[in-house]
Amino acid sequence: MTQPRTLGDFDAVVVGAGFAGLYALHRLRTMGLSVRVFEAGSGIGGTWFWNRYPGARCDIESLEYSYQFSDELQQEWGWSERYATQPEILRYLEHIAHRFDLRRDIELSTRVLSAHFDEATARWTVATDRGSCTASFCVMAAGCLSSTNTPRIPGLDRFAGPTYHTGRWPHEGVDFTGQRVAVIGTGSSAIQSIPLIAEEAARLTVFQRTPNYSIPAHNQPLDPEVVKRVKAGYAGFRRENAQRPFGASFPQNELSALQVDEAERAREYEERWQRGGLGFFTSFSDLIVDRDANRTAADFVRGKIREIVRDAAVAEKLSPKQVIGCKRLCVDTGYYETFNRPNVTLVDVNEDPIEEILPHGLRTKQAVHEVDCIVFATGFDAMTGSLLAMDIRGKGGRSLREKWAEGPRTYLGLGTAGFPNLFLITGPGSPSVLSNMVPSIEQHVDWIAGCIAHLRSRGLRSVEATRAAEEAWVAHVNEVADGTLFPTCNSWYLGANVPGKPRVFMPYLGFPPYVEKCNEVAAKDYEGFALS
Ligand code: N01
């Protein structure tokens, strides 16, 4: 039997080389730690390495969806569009890796299989498919939306043509010219890719389980005057955004939707619709807490769908019934308009379910749809999927999978009791996917770096969330979610998209109070963590 290759002993191992892993490497290395990053992909970039489907771009504005840890970096980098495309974001991350000399500590094409904590040495043994190593600290930067979800539809293995998942798109791209294409799913990835696939394909059939609300992006080249203004006061711009509930520059109207008359409401929604983007959701203060307020926004978007889509029956099928914002709001370029094209068909799988996949098509209850290829835009096992794909074992050999069998339990989304020196970046229980991810990542990495520096300065070697602090935090996260309309629909925030996954609302709503709490915990000698 061959011995596993020894990859060395480090102060810290980081899993993943996306936005989170790259900054963690830079920050920890700057403190003098020896760090090794393991990345399953053959390149850096995480989400932006894998998600190369047509139309993939970020729906947070590029001037904000970027690092702020180096003012020189944010001054020198030039974004070309209001919303950056996947290739541009990947170029940005490659620039970061080069500029901060990160590559020498990253092992690409290396998948972490397990991480086991040894209580005697207070060290983690991390096993990968290319060997193993040990580390004092293990930082999980494996991504919230990385572990893909593909439904097990009978007959899938007999399909004769190619199948694709938006989250694992071929690097060489896909030419749909002349093809009959099926897209399954109508979330953000589908909503971005469908208009472009429809332009190329001979025929596109979209299989929809739940219609989604989508706001036009109104993407455009960045106005040099706007860039100049933001760059002149970048720190202030970042500070201001950090004070907003989602940590992004969506202008928050403090009024209730029910406090103003119908004309004023319509004016506000129209203005936001014309401006485009996720800022639509902060049109009024109570859209995510009050059903009646929410209905006014939902009605406005349903009205827009009826205006845009010429066939009334199709418009009706495309009109969501759930609370707006309950599932992640989408941002599009020409999504609803695409259903006016003669080569596009919408199938509502609630009234006409997919029964099986045939070698050359899909058979629904009412028809056979012949297709040459299938695109699964069916999302991810979000927030916990990439963590639980590894065999992570803490004290007493207890696995994370076992501990989280009823749903994830963390303290601040940063640590979990029984797993000393294991840090999660944007983990469940933190604002994460309900915030602008890049500032959230930086806040987590900075907090983790501060915590490690604190341990070192006191000659300590271990930090672990206490059970009591974790319980109180989990209760608080649930209480905040229960005060909103988020738990009222089947979203991936709740794990409802993955059969058998426990139904628990995973992110924490409210970036500013969260940051305040993290700072307070650190200031009180890491209250709620046991240090030894
Ligand atoms: O995945 P999703 P996504 N049969 O889970 C459907 C971020 N993101 O990749 O709603 C039929 O949202 C499923 O139906 P239902 C963003 O945070 C950002 O699109 O579960 N359909 C749904 O319609 C986003 O929210 C950007 O009923 C099935 C779709 O597949 C997150 O990533 C771009 C099915 C999955 O939608 C995930 O987005 C892209 C089945 N068995 C993504 N199973 C931007 O920045 C699932 N579905 C713009």
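No hydrogens, no waters, no symmetry mates; every other heavy atom, side chains included, goes into these values. The model shown is predicted, which means the values in this text are computed figures rather than measured ones. Just so you know, residue 1 is the first one in the sequence shown, and it goes up from there. In listed order, ligands and their atoms are each counted from 1.
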**Request:** Could I get the full list of side-chain contact (heavy atoms from CB on, under 4.5 Å) partners for Asn497, not counting sequence neighbours?
**Result:** Asn149, Trp492
**Request:** Could you tell me whether Glu270 and Lys304 have a side-chain N and a carboxylate O separated by less than 4.0 Å?
**Result:** yes
**Item:** Cationic N near anionic O, under 4.0 Å, Arg302 to Glu316
**Value:** no
**Message:** Under a 3.5 Å threshold, yes or no: a donor from one side chain and an acceptor from the other, between Ser440 and Tyr514?
**Reply:** no
**Complete:** Chain-and-number sorted residues having a heavy-atom contact under 4.0 Å with ligand 1 are Tyr53, Arg57, Cys58, Asp59, Leu145, Pro151, Ile184, Gly185, Thr186, Gly187, Ser188, Ser189, Gln192, Arg209, Thr210, Lys327, Arg328, Ala377, Thr378, Gly379, Phe380, Trp492
**Message:** Ignoring hydrogens and geometry beyond distance, is a side-chain donor-acceptor pair present between Asp446 and Tyr23 at under 3.5 Å?
**Reply:** yes
**Message:** Any salt bridge linking Arg158 with Glu356? Criterion: basic side-chain nitrogen under 4.0 Å from a carboxylate oxygen.
**Reply:** yes
